[in-house]
Amino acid sequence: MNTNLQTPIDYLKGVGPNRADLLRQELGIHTYQDLINLFPNRYIDRTHYYKINQLQRNNADVQIIGSITGLQEAGQGRSKRLVGTFKDDTGTMELVWFRGHKWIREGIKLNKPYVVFGKTNWFNGKFSMPHPEMELLEDHQKNLQRAMQPIYPSTEKLSNKGITNRVIIKIMQQLFLETKGRFAETLSSHLLQELKLIDKSTALFNIHFPKTQELLAKAQYRLKFEELFYIQLQLIIKNLIHKSKIKGFPFTHVGDLFNTFFNEHLPFELTDAQKRVLKEIRADLGSNAQMNRLLQGDVGSGKTIVAFMSMLMALDNGFQACLMAPTEILSVQHYNGLYELCKQLNISISLLTGSTKTSERKKIHESLENGELNILIGTHALLENKVKFKNLGLAIIDEQHRFGVAQRSKLWHKNTSPPHILVMTATPIPRTLAMSVYGDLDISVIDELPPGRKSVKTVHRYDKNRLKVFKFIRDEIAKGRQVYIVYPLIQESEAMDYKDLMDGYESIARDFPLPDYQISIVHGKMKPADKDYEMQRFIKGETQIMVATTVIEVGVNVPNASVMIIESAERFGLSQLHQLRGRVGRGAEQSYCILMTGHKLSNDSKTRLETMVRTNDGFEIAEVDLRLRGPGDLMGTQQSGVLNLKIADIVKDKDILQLARFHAKQVLNKDPNLSKDTNQVILHTYKQLSKYKNIWNYIS
Ligand code: ADP
Ligand code: MG
């Protein structure tokens with residue numbers, strides 16, 4: 001009989017109440033199951049021994065045989081430490097303890113052969129190893145069982161309290177002893193055969209105690225697949241349930257407004273990508289299911305017109321539509337752009353933001369409720385409870401990143417049954433990440449820029465070349481162009497950034513004096529009305545230079561602006577740099593992006609700058625960003641649950657992710673209810689899984 005894996009960890013021989021408490025607190029291990037799923041971070045080869053004279057200054061884990069010939073205290077106060085002189089036949093080094101002196105002093109046998117293991121530091125002309133793991137050579141020889149030794153995740157507290165890696169290994173061995181190493185299978189035999197995966201018990205054994213490199217690789221592969229498979233399965237099922245349960249308003253016909261606009265007023269030919277995406281949206285809107293679609297398209301790819309034409313589909317079917325943008329400036333810009341199009345079609349459209357006057361607000365509320373108003377554009381103000389639609393059929397959210405899931409769901413309740421939802425983002429999300437995070441949304445991609453767009457020339461310049469850069473700016477302005485100069489603004493150093501911005505503004509004002517040059521300045525501390533005023537001056541071409549913090553980051557469209565200067569570019573993230581660059585290159589002229597930095601640059605900063613200079617491709621940039629920052633940072637904490645992967649890495653294991661998604665889809669295509677015999681094990685695992693937050697709490 002299998003041991004019950006829900007048994008509290010306290011009951012495992014060798015654990016006991018104190019250790020159990022520590023394991024719970026420090027590693028979240030409550031049960032046998034949690035322990036079996038504590039996967040090693042890495043493995044080390046414990047068959048190899050270094051000599052002291054072979055040590056390199058690369059801080060790797062090493063294992064050395066030698067003896068401790070003396071122990072002394074050194075240092076005062078906080079730097080007080082116990083130092084052991086450690087010798088082998090090739091040299092001398094130090095072992096150092098900052099804590100636990102008494103325990104060490106009592107435990108250590110001088111001049112007896114030990115095996116010490118740990119990372120070495122090069123310090124004061126000598127190698128030293130802080131807090132080594134140590135074992136008498138004779139014990140070591142008795143205990144040594146296999147070549148690959150697992151290194152488990154640990155915390156400082158655990159090692160201080162004596163729960164070393166060796167102790168965890170012992171506990172793990174005990175677990176395998178008690179369970180006889182037999183664990184229930186969690187993948188169907190069908191999948192195991194088709195993908196030649198090793199069975200669960202073999203995988204778990206070899207992930208902890210690999211017999212060979214090859215078996216370790218197989219164990220990792222199988223467990224990664226399993227983890228990704230069940231995440232995908234969950235997401236796809238969520239999407240299917242959504243489609244079958246949540247009825248949408250079917251927009252049965254493509255009507256007059258859409259056709260009139262398409263045939264008579266469309267200001268340009270749509271790109272193939274825009275056409276394809278519109279078809280995808282139309283198919284969704286025409287079906288009985290509520291649409292939940294993410295529209296990805298690089299800056300300037302023309303998402304707005306797609307949004308507008310989707311709104312026309314809603315209007316043609318007797319519904320209202322709304323478009324929500326993250327900032328006042330963007331909302332205004334959307335409104336101004338769409339207002340012109342609406343006029344041609346006799347459609348009523350209004351703008352609602354935080355600064356809409358009360359009287360105007362009242363009118364909007366009324367006309368929304370009685371249905372006179374067709375389209376509402378605005379900021380978060382749209383989400384307020386007072387904003388009630390007569391019949392909202394489609395809600396579009398621009399720039400997904402700024403809004404959370406909670407806001408998405410607020411829009412849902414703006415009608416008796418949820419409106420169709422289209423989320424637009426200009427930040428390209430790498431496919432792998434989109435699959436894991438938005439696997440429950442449908443995704444459309446505009447992967448083509450409107451024709452004739454020249455790609456932005458990007459260069460990196462150091463601060464000391466500022467004069468040349470200013471000369472370049474002057475030349476461009478002389479040609480009639482406009483220029484953005486952007487300063488970083490990050491919350492933690494807001495005051496300092498603000499000072500940088502103001503200093504920069506002053507120096508620019510000196511170099512570009514009135515009356516020849518007019519400068520706009522926009523930053524977060526300004527009142528919305530002032531901001532808008534300055535923005536408008538720039539949009540109308542009354543000012544040639546716009547000095548700003550990142551408030552201009554999203555969506556702002558001034559086709560005549562052809563130069564983007566980014567100050568302290570090393571402090572921006574890649575996607576932000578790319579977004580900023582997207583503000584230029586919107587007109588017919590050649591555009592430029594100049595990344596200004598100081599001289600000292602970290603490796604990551606260098607990579608970011610090089611990437612920007614090398615490519616304009618948002619998806620490529622997003623991939624690099626994902627590699628540099630990891631998925632959690634990229635998406636914010638909001639989705640981190642989905643990405644709380646234990647063994648797989650969506651960047652490194654994207655092939656496995658794709659395979660897992662493919663098979664999850666295939667299983668569900670053939671057997672949507674998982675009712676076939678072969679899929680019982682999947683159904684069972686899936687059901688258990690939904691009870692837990694982290695899939696590994698259940699799996700095994
Ligand atoms: P984004 O996807 O960044 O929101 P926009 O919708 O603002 O892009 O479009 C950027 C610019 O490209 C706008 O000035 C828009 O009018 C123009 N545009 C969009 N689609 C096309 C097209 N198919 N042909 C030519 N210009 C287009
Ligand atoms: Mg846009």
Side-chain angles (χ1 to χ4, degrees), residues 261-263 265-281 293-312 322-342 344 351 375 377-379 396-403 422-429 443-456 482 484 535 538-539 541 550-562 564 575-589 591 593 616-619 621-622:
F261 181 75
F262 187 79
N263 295 324
H265 301 294
L266 196 59
F268 34 68
E269 168 109 16
L270 295 176
T271 62
D272 287 343
Q274 284 169 322
K275 285 182 199 158
R276 186 187 65 235
V277 165
L278 270 169
K279 267 191 203 138
E280 288 165 357
I281 293 172
R293 187 168 281 277
L294 178 71
L295 172 56
Q296 279 193 60
D298 215 339
V299 276
S301 62
K303 294 184 291 297
T304 315
I305 201 77
V306 170
F308 181 68
M309 293 174 77
S310 310
M311 293 202 268
L312 292 182
C322 70
L323 169 60
M324 185 164 80
T327 64
E328 171 116 16
I329 291 176
L330 256 182
S331 310
V332 171
Q333 193 161 308
H334 273 312
Y335 174 75
N336 290 341
L338 298 184
Y339 179 84
E340 293 303 317
L341 302 177
C342 286
Q344 300 167 333
L351 173 70
I375 295 179
I377 311 287
T379 54
I396 301 181
I397 307 176
D398 197 10
E399 310 295 351
Q400 148 86 5
H401 268 75
R402 304 299 173 93
F403 296 107
L422 180 67
V423 173
M424 306 197 293
T425 174
T427 307
I429 303 162
I443 300 179
S444 290
V445 182
I446 305 186
D447 50 5
E448 179 188 1
L449 292 181
R453 202 61 63 75
K454 292 204 178 83
S455 71
V456 180
Q482 289 167 286
Y484 292 105
M535 264 325 286
F538 189 69
I539 291 170
T550 42
V551 287
I552 61 152
E553 186 188 335
V554 271
V556 171
N557 189 19
V558 182
N560 190 48
S562 65
M564 167 64 65
S575 67
Q576 221 179 0
L577 290 172
H578 181 62
Q579 290 275 320
L580 284 168
R581 176 168 60 184
R583 299 306 106 219
V584 296
R586 302 194 145 221
E589 309 303 331
S591 293
C593 174
N616 272 285
D617 178 341
F619 281 93
I621 287 170

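For the single chain, residues carry numbers from 1 onward in sequence order. Start at 1 and go down the list; that is how both ligands and their atoms are numbered.
Those atoms of ligand 1 with a heavy atom of D298 less than 4.0 angstrom away are 2 (O). Shown in contact with L270 at under 4.0 Å from a heavy atom are these atoms of ligand 1, numbered in order with element: 23 (N). Here is the list of ligand 1 atoms found below 4.0 Å of a heavy atom in T271: 23 (N). With ligand atoms numbered from 1 in the order given, ligand 1 contributes 2 (O), 8 (O) to contacts under 4.0 Å with heavy atoms of S301.
With a 4.5 Å cut-off on side-chain heavy atoms, I621 and S575 do not count as touching. Residues V456 and M564 have side chains not in contact (no heavy-atom distance under 4.5 Å, counting atoms from C-beta outward). With contacts defined as side-chain heavy-atom distances shorter than 4.5 Å, the pair D398/L323 qualifies.
At least one N or O atom of G300, backbone or side chain, sits closer than 3.5 Å to an N or O atom of ligand 1. Among the atoms of I305, none of the N or O lies under 3.5 angstrom from an N or O of ligand 1.
At a cut-off of 3.5 Å, with distance as the only test, a side-chain donor of E280 or S444 sits close to an acceptor on the other residue.
For F262, the CZ atom sits in a loose shell: 12 or fewer heavy atoms of surrounding residues, nucleotides or ligands are nearer than 6.0 Å. Annotation for Y339: atom OH does not count as buried by contact number, only 12 or fewer foreign heavy atoms lying within 6.0 Å.
Note on R276 versus D447: salt bridge recorded, some NZ/NE/NH1/NH2 to OD/OE distance being below 4.0 Å.
With a 4.0 Å heavy-atom cut-off, ligand 1 is reached by the backbone of T304 and by its side chain too. At a heavy-atom cutoff of 4.0 Å, ligand 1 is contacted by the backbone of E269 but not by its side chain. Neither the backbone nor the side chain of I446 has a heavy atom within less than 4.0 Å of ligand 1.
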